[in-house]
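Here is the structure we will look at.
Quick caveat: nothing in here was measured; it's all calculated off a predicted structure.
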Amino acid sequence: MKRISLIATISILVILTTGALLTGCKKKSTTPTPTVPSFIVTATTVQLQAGGEGLQFYAKCSNTDVKMTKVTVTDPIGSNSVTYNLNGTYYVANQVFMLEDATSAYTKEIGTWSFSFVGNLTSDGSSFSVGATLAVSK
């Protein structure tokens with residue numbers, strides 16, 4: 001009887017050890033985590049032709065290369081949105097680009113401006129739509 005009990009105990013230990021070893025051999029997922037672009041926006045105050053101050057906005061993607069489709073710029077009170085088309089232009093990480101034509105500017109308004117960036121990652125072609133803000137003061 002002791003012999004059967006000993007054999008049963010050894011069998012259970014072998015089964016548990018084998019199960020623990022097999023579950024530890026699972027293959028880990030190799031799916032990479034997608035990169036979410038991070039945009040930094042800056043502004044320069046300029047003089048408007050009609051008088052008064054205006055703003056020219058600049059942006060850069062700080063962490064990846066992107067193919068930009070468009071950027072929507074919204075003023076601080078949300079009453080005016082302008083979509084600036086970038087027509088699939090490629091930008092490498094940290095390359096600065098304008099958010100309006102070189103000869104134009106936005107009327108300067110104090111407050112937090114909002115920006116919505118739409119495009120694709122150059123690494124895998126996946127699309128993105130991310131936001132950013134910029135606080136403008138006097």
Mind listing the closest non-hydrogen atom pair of [X] and [Y] along with its distance?
{"X": "Pro37", "Y": "Asn63", "result": "CA-OD1, 3.5 Å"}
{"X": "Val136", "Y": "Ile110", "result": "O-CG2, 3.4 Å"}
{"X": "Glu109", "Y": "Leu55", "result": "N-CD1, 4.4 Å"}
{"X": "Val36", "Y": "Val130", "result": "CG1-CG1, 4.0 Å"}
{"X": "Phe97", "Y": "Met68", "result": "CZ-CG, 4.1 Å"}
{"X": "Ala105", "Y": "Val46", "result": "CB-CG2, 3.7 Å"}

* Asked: So if you build clusters from Ile, Leu, Val, Met, Phe, Trp, Tyr with side-chain heavy-atom gaps below 4.5 Å, do Val82 and Met98 land together?
  ->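 Different clusters: Val82 never reaches Met98 through Ile, Leu, Val, Met, Phe, Trp or Tyr contacts under 4.5 Å.
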
Using only atom types and a distance under 3.5 Å, with no angle test, would you say the side chain of [X] pairs donor to acceptor with the backbone of [Y]?
{"X": "Asn120", "Y": "Val66", "value": "no"}
{"X": "Gln56", "Y": "Ala102", "value": "yes"}
{"X": "Gln47", "Y": "Gly52", "value": "yes"}
{"X": "Asn85", "Y": "Asn87", "value": "no"}
{"X": "Asn80", "Y": "Asp75", "value": "no"}

* Do you see a donor-acceptor pair shorter than 3.5 Å between the side chains of Thr74 and Ser81? ->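 The answer is yes; a qualifying pair exists.
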
* **Short side-chain donor-acceptor distance under 3.5 Å, Thr103 and Asp101** =>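 No.
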
Heavy-atom side-chain contact between [X] and [Y] under 4.5 Å:
{"X": "Cys61", "Y": "Ser38", "value": "no"}
{"X": "Glu53", "Y": "Leu48", "value": "no"}
{"X": "Ser123", "Y": "Asp65", "value": "no"}
{"X": "Phe117", "Y": "Val41", "value": "yes"}

* To do: Report the C-alpha separation of Leu134 and Thr42 in whole Å, then their side-chain angles, then the decisive distance to 0.1 Å, and conclude whether the side chain to side chain contact (heavy atoms under 4.5 Å, CB included) test is met.
  => CA-CA 7 Å; Leu134 176 68; Thr42 58; 5.6 Å; no

* Check the pair Val71 / Leu86 against side chain to side chain contact (heavy atoms under 4.5 Å, CB included), numbers first and verdict last. => CA-CA 8 Å; Val71 179; Leu86 291 159; 3.7 Å; yes

* To do: Please state whether the rings of Phe128 and Phe39 are parallel, tilted or perpendicular, taking 30° and 60° as the class boundaries.
  =>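 Geometry flag for Phe39 against Phe128: tilted rings.
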
* **Pair Phe57 and Tyr84, ring centroids less than 6.0 Å apart** =>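 Ring-ring flag for Phe57/Tyr84: false, centres at least 6.0 Å apart.
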
* Mind checking the NZ-OG1 spacing from Lys138 to Thr45? Nearest 0.5 Å is all I need. =>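 Output value for this atom pair is 13.0 Å.
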
* Asked: How many angstroms lie between OH in Tyr58 and CG in Leu99, if you round to the nearest 0.5 Å?
  ->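 These two atoms lie 9.5 Å from each other.
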
* More than 12 foreign heavy atoms under 6.0 Å from NZ of Lys70: is that the case here? ->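 Check fails, neighbour count at 12 or below.
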
